Amino acid sequence: MTEKKLVTEAKPSRAIKTGDLDPKFKYEISKVPGAENIKLCFQCGTCTADCPIARFSDIYRPRKLMRMTQLGMKDRVLSSEALWLCAACFTCVDHCPQGVEIASVLRALRNMAVKDGIMPAVFRELTSNIMKTGYAYRIPELRLKKRGEKGLPPLPKANVEDVAKLFDIMAVSKASKREDK
Amino acid sequence: MAELKYLLFLGCAIPYRIASYEISSRKVMEKLGVELVEMPEFNCCGLPIDSVNHDAMLVLAARNLCLAEEQNLDILTLCPGCAGTLRKVNKSLQEDKKHKQLINDYLKEVGMEFKGGKIKVRHLIQALVKDLGLEKIKEAVVKPLTGLKVAEHNGCHVLRPAKYIGFDDPENPVLLKKLIEATGAECLDYMYETDCCGAPIIGVNDKVPLYLAGDKLTNLKAVNAQALITVCPFCHMMFDINQPRIERLLSEKFGIPVLHYPQLLGLAMGFSPKELALEELRVDATKILTIS
Ligand code: SF4
Ligand code: SF4
């Protein structure tokens, strides 16, 4: 499988052709738990205004991602680098007047991008670490040994068989394995 | 005193990089009479792969909840990410019967079943405020940190989304401030106090989080905060481990020590800096020891 590249939004934006839009996209997204209210977004911009990431990023605008989703700009949204910049701080979720769980909509979009083979390397690594060790990070042996010296009890070994089995059934293993090509 | 007992859920980030948080938390909780039971085994809370596969996050979280249900003990975590995730899943799966069934179908494959409604999930500061109570903490202070002026950074998932967490007012959080004031130290207000540290996206884009955390450090310097108090391993990495990087990026010197709340409380409870692993902090914290 060839790896797809993340696209930083081109500026100025390209013209949108209606033929490129997927009118069913917003319904597809609104079926995902947490993302139901995407249809209710009325573009007030509160999410972007209150987003700490948007304050320091030129390309990250949650309101824009909500609009692109509503319009059905599926390919552009799913390949956009901006999709991966939400820090899930939930400030916008608490502030949205329409009850849109913006962070959950973005999570639904990310899950969909992953199915299309698009995900930043760091997520592939985290997934693979969890599958192989049960933990999100590879904790060096030496650090595990040092716990005793510091008066800490040993870190239990995770049940890797169970985790691997669950990942297999859920086809998560497939997503993480693309790195091993 | 009524026995407080929790199952300690360590998560991944703390054993990976932030031992000082675990060391100080264990010391302080033991002296406060809170029993922390070790988990025989656990796995990642699930949050790191929510973006990859939401159901896989639910399954990982639910598996941990099952382990706690088996022991019939409430969970205590030091990481707001773990606390927020386990708390949210514990609540949402109980409410959404259909999704619960789906997750249980997966869990059946490993011989487990999430029941729901049996146990609670607490972050360290939620347990300190709601279960132990501020009075008990004040009573435990033997060396008040009078004269020390610090500021707080809550960690998003201790507060938000409000509808799932329901702990403090996310717009004007006061409970961590009260915990800090219980030590005798003063807790200062500063600009953009409730903003995220940016850590969750550092693997995708490092500049934005560094500028964001740098902005917070600038605002902390503006009010002359002598230290920043955190309750999250990721926030701590952002402000402590990355502080020299941020200083280079902004061509600005901060030198603001970043202490885990249990380190601050521990000092006030009479523990030595060594016992609280203060020397493990990247930004030298010894200068605050002479203040109080
Ligand atoms: S705050 Fe809510 S309604 Fe307003 S633009 Fe953002 S998602 Fe849409
Ligand atoms: S949850 Fe994401 S989009 Fe919303 S304010 Fe936080 S970083 Fe911005």
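Lettering follows sequence order; numbering is per chain, from 1. Nothing here was measured: the structure is a model prediction, and the numbers come from that model.
- With chain A as the partner, the residue from B:His54, B:Met39, B:Glu41, B:Arg63 showing the most heavy-atom pairs under 4.5 Å is B:His54.
- Put simply, the side chain of B:Arg26 reaches to within 4.5 Å of the side chain of A:Pro153, judged on heavy atoms.
- Contact annotation: the side chain of B:Pro161 never approaches that of A:Glu101 to less than 4.5 Å [non-hydrogen atoms, C-beta and beyond].
- Heavy atoms from other residues, nucleotides or ligands lying under 6.0 Å from NZ of A:Lys146 number 12 at most.
- A:Asp94 and B:Pro170 get closest at one heavy-atom pair: OD2-CG, 3.5 Å.
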Start with the C-alpha distance between A:Trp84 and B:Asn205, add both sets of side-chain angles, then the distance that settles side chain to side chain contact (heavy atoms under 4.5 Å, CB included), and finish with yes or no. CA-CA 9 Å; A:Trp84 299 89; B:Asn205 176 320; over 6 Å; no
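- The contact between B:His157 and chain A is made entirely by side chain atoms (from C-beta outward), counting heavy-atom distances below 4.5 Å.
- Looking at B:Asn53, its side chain never comes within 3.5 Å of a backbone N or O of A:Val172 through a donor-acceptor pair.
- In this structure, A:Arg143 contributes its side chain and B:Pro15 its backbone to no donor-acceptor pair below 3.5 Å.
- For B:Glu95, the CD atom is densely surrounded, since the number of other residues' heavy atoms within 6.0 Å is greater than 12.
- Scanning all heavy atoms of the two residues, the minimum distance from B:Gly198 to A:Ile53 falls at CA-CD1, 4.5 Å.
- The nearest pair of heavy atoms linking A:Arg107 to B:Asp50 is CG-O, 3.4 Å.
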For side chain to side chain contact (heavy atoms under 4.5 Å, CB included), just list the numbers for A:Tyr137 and B:Arg17, CA-CA rounded to whole Å, side-chain angles, deciding distance to a tenth of an Å, and then say yes or no. CA-CA 10 Å; A:Tyr137 309 100; B:Arg17 282 195 90 164; over 6 Å; no
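- Neither the backbone nor the side chain of A:Cys51 comes within less than 4.5 Å of any heavy atom in chain B.
- In this structure, no portion of B:Ala277 lies under 4.5 Å from any heavy atom of chain A.
- B:Tyr16 and A:Arg138 make their closest contact through CE1-O, 3.5 Å (heavy atoms, listed as atom of the first residue, atom of the second, distance).
- Residues A:Tyr135 and B:Phe42 place their aromatic rings such that the two centres sit under 6.0 Å apart.
- Atom OG in B:Ser51 sits 9.0 Å away from atom CG in A:Leu106 (nearest 0.5 Å).
- With A:Ile130 as reference, B:Leu60 is the one residue of B:Leu60, B:Asn43, B:Val52 to meet the side chain to side chain contact (heavy atoms under 4.5 Å, CB included) rule.
- Using a 4.5 Å cut-off between heavy atoms, B:Glu280 touches chain A through its side chain atoms alone.
- Ring geometry for A:Phe56 against B:Tyr211 counts as parallel: the plane angle stays under 30°, on a 0 to 90° scale with 60° as the upper cut.
- The choice from B:Gly84, B:Gly11, B:Pro48 that makes the most heavy-atom pairs within less than 4.5 Å of chain A is B:Pro48.
- Heavy-atom distances place no part of B:Pro209 under 4.5 Å from chain A, backbone and side chain included.
- With a 4.5 angstrom heavy-atom cutoff, B:Glu109 touches chain A via backbone and side-chain atoms both.
- Contact annotation for B:Leu10: only side-chain heavy atoms (C-beta onward) come within less than 4.5 Å of a heavy atom of chain A.
- The contact between A:Lys157 and chain B is made entirely by backbone atoms, counting heavy-atom distances below 4.5 Å.
- Between chain B and the options A:Val122, A:Val32, A:Asp162, A:Asp50, heavy-atom pairs under 4.5 Å are most frequent for A:Asp162.
- For B:Glu30, the CD atom counts as loosely surrounded, since its 6.0 Å shell holds 12 or fewer non-hydrogen atoms of other residues, nucleotides or ligands.
- The choice from A:Met170, A:Lys150, A:Met112, A:Arg110 that makes the most heavy-atom pairs within less than 4.5 Å of chain B is A:Met170.
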Can you check side chain to side chain contact (heavy atoms under 4.5 Å, CB included) on B:Glu22 and A:Arg147, steps first, answer last? CA-CA 10 Å; B:Glu22 182 184 348; A:Arg147 288 179 62 85; 2.7 Å; yes
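- Contact annotation: the side chain of B:Val59 never approaches that of A:Phe167 to less than 4.5 Å [non-hydrogen atoms, C-beta and beyond].
- The CG atom of B:Leu159 sits 9.5 Å away from the OG1 atom of A:Thr91 when rounded to the nearest 0.5 Å.
- To the nearest 0.5 Å, the span separating CG on A:Leu166 from CG on B:Asp55 amounts to 12.0 Å.
- Both the backbone and the side chain of A:Leu85 come within less than 4.5 Å of a heavy atom in chain B.
- With chain B as partner, the option from A:Leu126, A:Asn159, A:Val93 having the largest number of non-hydrogen pairs under 4.5 angstrom is A:Asn159.
- The minimum heavy-atom distance between B:Cys196 and A:Ala87, with the atom names listed, is SG-CB, 3.9 Å.
- Across A:Phe90 and B:Lys88, no two heavy atoms sit closer than the pair CZ-NZ, 4.3 Å.
- In terms of heavy-atom pairs under 4.5 Å with chain B, the best-connected choice from A:Ile169, A:Leu152, A:Leu155 is A:Leu152.
- Looking only at distances, no side-chain donor or acceptor of A:Arg55 sits under 3.5 Å from a matching main-chain atom of B:Leu212.
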